[in-house]
Amino acid sequence: MTDQIEHKIQVFNTLTGKKEDFVPLSGKTVKIYACGPTVYDSSHLGHARKEIVWDTVQRYLRFLGYDVIYVRNITDVDDKIINRAKERGIGPDRLAREYTYAFWRDMDALNVASPDFEPRATEFISQMISFVQDLIKKGHAYESGGDVYFDVASFKDYGKLGKQNLEQLLVGAREQVIAQETLSQLKKSPVDFALWKSAGKEELGWPSPWGRGRPGWHLECSTMVKHILGDTIDIHSGGEDLVFPHHENEIAQSEALHEKPLAKYWLHNGFIQVSSEKMAKSLGNFKTIQDLLEQYSADAIRIFVLQTHYRNPIDFSPESLAAVKAGLSRLIRAANLSQVENENGNHSVISPDSEKVEKQFRADFEQAMNNDFNTAIAISLLYQLSDHILALKDKQVQDRNHLSALLKEYAAVLGLKLTDRRKVVDTETSEKLVELLLDMRQKAKANKDFATADTIRKSLTDIGISVMDTPSGANWEAG
RNA sequence: GGCGGCAUAGCCAAGUGGUAAGGCAGAGGUCUGCAAAACCUUUAUCCCCCAGUUCGAAUCUGGGUGCCGCCUCCA
């Protein structure tokens with residue numbers, strides 16, 4: 001048993017702007033930190049994309065045999081949460097809890113696996129305070145009027161992730177800070193960002209060496225990475241909007257303190273757009289996950305997301321999601337063909353042709369995924385395998401079952417369940433079915449065809465539905 | 001203004017030097033009392049435009065056009 005894994009995975013690293021060979025820092029252990037949600041509102045399709053993409057990546061790495069430690073945080077202290085809670089007249093902790101539960105429910109529905117660790121910012125306040133103290137000691141941060149700011153000028157690599165030039169940033173930032181006069185007095189430089197913000201007695205806050213306050217947005221991720229995973233991790237991921245300033249600032253804080261890289265690979269997913277504009281709460285053009293789940297299965301939503309490469313934008317339209325839903329039925333059928341085994345047959349014996357199909361499929365799938373997680377190709381391979389399965393004759397049951405199992409195995413790597421729901425009928429439809437039978441019975445009675453009418457009533461009784469004739473028509477109840 | 005990305009069939013979408021994956025929709029067929037479903041076959045002489053490099057480019061280079069994102073909260 002070797003502790004190295006022989007797979008030539010290549011990933012696009014935002015830090016270098018290039019596709020690079022993926023080589024974990026330590027054997028087959030892969031430490032991943034994915035920036036999670038700020039829990040102040042319902043999650044929409046854009047959030048779903050981010051979670052589905054990185055869930056799929058960690059599933060694939062585990063599939064290859066890596067020991068993945070996947071950490072995804074919950075941001076439960078933040079201006080947006082505080083403001084929203086104020087609007088609703090409830091405490092910020094209660095609001096955060098409400099949307100944390102909603103997020104978990106959505107993720108579960110989308111078959112997004114739970115992370116190995118899911119720290120909340122409020123659980124790491126004391127570690128964040130220590131982090132800030134250490135930065136002050138090293139001369140990278142300064143206290144000013146109860147706030148603490150990161151001294152961007154003290155970190156020479158600032159801008160390396162977002163490819164930002166400090167002078168250019170200063171031009172833009174100066175105007176904004178001038179607009180907010182108090183800030184311009186507190187900060188040494190307009191680009192300096194808050195590590196710790198002072199808070200009034202009535203506001204959400206914690207005691208600190210600089211007085212009562214709360215952490216800045218970027219601090220929690222740096223701190224939680226440090227305490228849960230260590231100074232340097234393999235993969236740090238998130239939406240592309242986080243590249244600058246969020247991840248840039250995380251790098252500044254962590255690398256100024258530790259003097260070593262925060263993450264080896266920085267991976268970012270593209271956005272969902274609507275009519276070529278980004279889907280965002282601020283634009284009011286979002287579809288919540290709950291809305292979508294009313295019409296589409298988790299499998300359909302995952303395929304919709306994964307049929308586009310994760311770094312490209314996806315233009316959302318109901319039509320394209322409906323197209324996925326239509327196509328998905330073939331995968332489901334191929335994965336759930338007759339499961340009847342030949343009782344005398346040896347299940348492991350399959351034809352050379354099918355063996356060849358299997359071997360080729362496995363190789364192609366892994367080659368696609370190794371190329372910066374090309375899920376679009378991977379999905380097309382699932383369709384091709386389905387065609388093979390559906391083309392097999394009935395007498396090749398063993399081959400068919402074998403390849404169906406193969407299809408399910410690899411679909412699961414993409415988080416697809418391919419559960420056969422074609423014969424599952426909801427309550428409302430069941431009611432309509434009973435009404436339909438009673439209608440036919442009523443017509444039979446009207447035609448004096450009492451034999452048919454009685455057969456219908458007897459058959460319904462046999463399956464547990466009692467029919468009671470009343471002067472105003474037939475009534476029924478189950479059980 | 002600075003940084004980055006995208007442009008492939010009616011629609012969605014892979015493909016980054018060797019002659020256009022896959023899905024939806026459409027067309028033809030098999031099956032069928034009719035219908036639907038299913039299954040089979042088929043659908044881009046060409047990849048936004050112009051010029052260049054090359055034996056060869058959707059793929060590389062230069063220029064142009066259009067669209068989008070980040071630089072302020074955002075996944």
Side-chain angles (χ1 to χ4, degrees), chain A residues 12 14 17 19 34-38 40-41 43-54 72 75 78-81 83-84 103 159 161-173 175-177 179-180 190-191 193 217 237-248 268-283 286 300 303-331 333-334 337 364 368 371-372 374-387 390-393 422:
Chain A
F12 184 89
T14 305
K19 227 186 251 185
C35 278
T38 300
Y40 72 104
D41 203 348
S43 300
H44 60 61
L45 183 58
H47 303 102
R49 182 183 193 187
K50 180 185 101 65
E51 300 305 341
I52 288 168
V53 164
W54 304 117
R72 183 185 64 202
T75 299
D78 168 273
D79 288 352
K80 292 188 291 297
I81 293 173
N83 293 337
R84 182 62 59 88
F103 176 73
L161 183 71
K163 312 286 182 287
Q164 299 294 320
N165 165 309
L166 198 51
E167 283 140 44
Q168 283 296 339
L169 285 172
L170 279 168
V171 176
E175 293 168 18
Q176 284 157 21
V177 175
Q180 302 169 283
V191 292
F193 57 91
W217 174 36
S237 70
E240 63 178 2
D241 58 321
L242 297 183
V243 173
F244 195 94
H246 184 56
H247 287 164
E248 191 72 55
H268 294 95
N269 63 278
F271 268 59
I272 301 268
Q273 305 182 340
V274 179
S275 306
S276 295
E277 268 190 331
K278 78 171 174 178
M279 177 179 282
K281 286 171 184 170
S282 52
L283 294 174
F286 59 92
I303 290 179
F304 173 74
V305 165
L306 296 174
Q307 72 176 354
T308 302
H309 185 85
Y310 77 87
R311 282 190 287 112
N312 289 341
I314 299 178
D315 206 1
F316 171 82
S317 72
E319 291 76 19
S320 44
L321 199 38
V324 169
K325 186 180 181 180
L328 178 59
S329 61
R330 205 160 90 241
L331 294 180
R333 206 176 311 115
L337 275 177
D364 289 348
N371 183 13
D372 198 23
N374 195 328
T375 51
I377 298 269
I379 288 169
S380 77
L381 292 167
L382 295 184
Y383 275 102
Q384 287 174 39
L385 180 60
S386 295
D387 287 343
L390 294 168
L392 288 171
K393 301 284 182 287
R422 286 171 296 165

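In what follows, every chain begins at residue 1, and chains take the letters A, B, ... in the order their sequences are listed.
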What is the distance, to the nearest angstrom, from the [atom1] atom on [X] to the [atom2] atom on [N]?
X       : N      : atom1 : atom2 : answer
Y310(A) : A14(B) : OH    : P     : 13 Å
K50(A)  : A75(B) : NZ    : C1'   : 6 Å
L242(A) : U72(B) : CG    : P     : 14 Å
Q273(A) : A75(B) : CD    : P     : 16 Å
I81(A)  : C73(B) : CD1   : C1'   : 13 Å
I272(A) : C68(B) : CD1   : C1'   : 14 Å
H247(A) : C71(B) : NE2   : C1'   : 16 Å
L382(A) : A13(B) : CG    : P     : 19 Å

When the [atom1] atoms of [N] and [M] are considered, how many whole Å apart are they?
N      : M      : atom1 : result
G28(B) : G22(B) : P     : 22 Å
A9(B)  : U72(B) : P     : 37 Å
U61(B) : A20(B) : C1'   : 23 Å
U16(B) : A21(B) : P     : 13 Å
C50(B) : G10(B) : C1'   : 28 Å
C70(B) : A51(B) : P     : 36 Å
C67(B) : C48(B) : C1'   : 11 Å
A27(B) : G33(B) : C1'   : 26 Å

Q: Would you indicate whether the side-chain heavy atoms of Q307(A) and F304(A) approach each other to under 4.5 Å?
A: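 Yes, close enough: below the 4.5 Å cut-off.
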
Is there any protein nitrogen or oxygen under 3.5 Å from a nitrogen or oxygen in nucleotides 10-12 of chain B, and what are the pairs?
from: C12(B); atom 1: O2'; to: Q307(A); atom 2: NE2; distance (Å): 3.3

(Q) Does C74(B) have OP1 or OP2 under 4.0 Å away from a side-chain N or O of K80(A)? (A)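 Yes, such a contact exists.
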
Q. Looking at W54(A), does any N or O in its side chain come under 4.0 Å of the phosphate oxygens OP1/OP2 on A75(B)?
A.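 No, no such contact exists.
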
Q. Where the side chain of D241(A) is defined as all heavy atoms beyond and including C-beta, which of C71(B), A21(B), A75(B) is the nearest nucleotide?
A.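 So the side chain of D241(A) is nearest to A75(B).
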
**Q.** Options A75(B), G23(B), C71(B), nucleotide nearest the side-chain atoms of Y383(A)
**A.**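 Shortest atom-to-atom distance from the side chain points to G23(B).
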
Q | Value rounded to 0.5 Å, distance of CG in L242(A) from CD in E248(A) | A |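 Here the rounded value is 12.5 Å.
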
Q: With rounding to the nearest 0.5 Å, note down the distance linking CZ in F103(A) to NE2 in H47(A).
A: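 Answer rounded to 0.5 Å: 8.5 Å.
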
(Q) To check you understand the geometry: which heavy-atom pair defines the closest contact between L321(A) and A300(A), and what is its length? (A)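 That closest heavy-atom pairing would be CD1-O, 3.9 Å.
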
Q.
Which heavy atom of H247(A) sits nearest to which heavy atom of C35(A), and what is that distance?
A.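 Closest approach of H247(A) to C35(A), heavy atoms only: NE2-SG, 3.3 Å.
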
Once you apply a heavy-atom cut-off of 4.0 Å, does [X] come out as touching a base, just sugar-phosphate, or nothing?
X       : value
H309(A) : sugar-phosphate
Q384(A) : sugar-phosphate
I379(A) : nothing
N374(A) : sugar-phosphate

Q: Kindly confirm whether the side-chain ring of F271(A) is stacked on the base of A75(B), judged by centres under 5.5 Å and planes under 30°.
A: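 One would call F271(A) stacked on the A75(B) base.
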
Q: Pick out which of D372(A), N374(A), T375(A) makes a side chain to side chain contact (heavy atoms under 4.5 Å, CB included) with Y310(A).
A: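 Testing Y310(A) for a side chain to side chain contact (heavy atoms under 4.5 Å, CB included) against D372(A), N374(A), T375(A) leaves exactly one candidate, D372(A).
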
Protein-nucleotides 1-7 of chain B N/O pairs closer than 3.5 Å?
from: G2(B); atom 1: O4'; to: Q168(A); atom 2: OE1; distance (Å): 3.4
from: C3(B); atom 1: O2'; to: K163(A); atom 2: O; distance (Å): 3.4

Q.
Please enumerate all residues that pass salt bridge (charged side-chain N to carboxylate O under 4.0 Å, His left out) together with R84(A), with sequence neighbours excluded.
A.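 Scan of R84(A) (salt bridge (charged side-chain N to carboxylate O under 4.0 Å, His left out), adjacent residues dropped) gives D41(A), E87(A).
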
**Q.** Sequence-distant partners of D79(A), salt bridge (charged side-chain N to carboxylate O under 4.0 Å, His left out), two or more places apart
**A.**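 Scan of D79(A) (salt bridge (charged side-chain N to carboxylate O under 4.0 Å, His left out), adjacent residues dropped) gives K197(A), R214(A).
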
Q: Could you tell me whether a side-chain N or O of Y383(A) sits under 3.5 Å from a main-chain N or O of G327(A), the two making a donor and an acceptor?
A: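 The answer is yes, because a donor-acceptor pair under 3.5 Å joins these two groups.
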
Q: Please answer whether the main-chain N or O of E240(A) pairs with a side-chain N or O of R311(A) as donor and acceptor at a distance below 3.5 Å.
A: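 Pair absent, no side-chain N/O of R311(A) close to backbone of E240(A).
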
Q) How does protein reach along nucleotides 35-41 of chain B, written 5' to 3' as B (base within reach of a heavy atom under 4.0 Å), S (only sugar-phosphate), or - (no contact)? A) ---SS--

Q) Between L381(A) and F244(A), which is nearer to the 5' end of RNA chain B once each is assigned its nearest nucleotide? A)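 Whichever sits nearer the 5' end wins; that is L381(A).
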
Q.
If the condition is ring-ring contact (aromatic ring centres under 6.0 Å, His included), which residues does H309(A) pass it with, not counting sequence neighbours?
A.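 Listed in chain order: nothing, the list is empty.
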
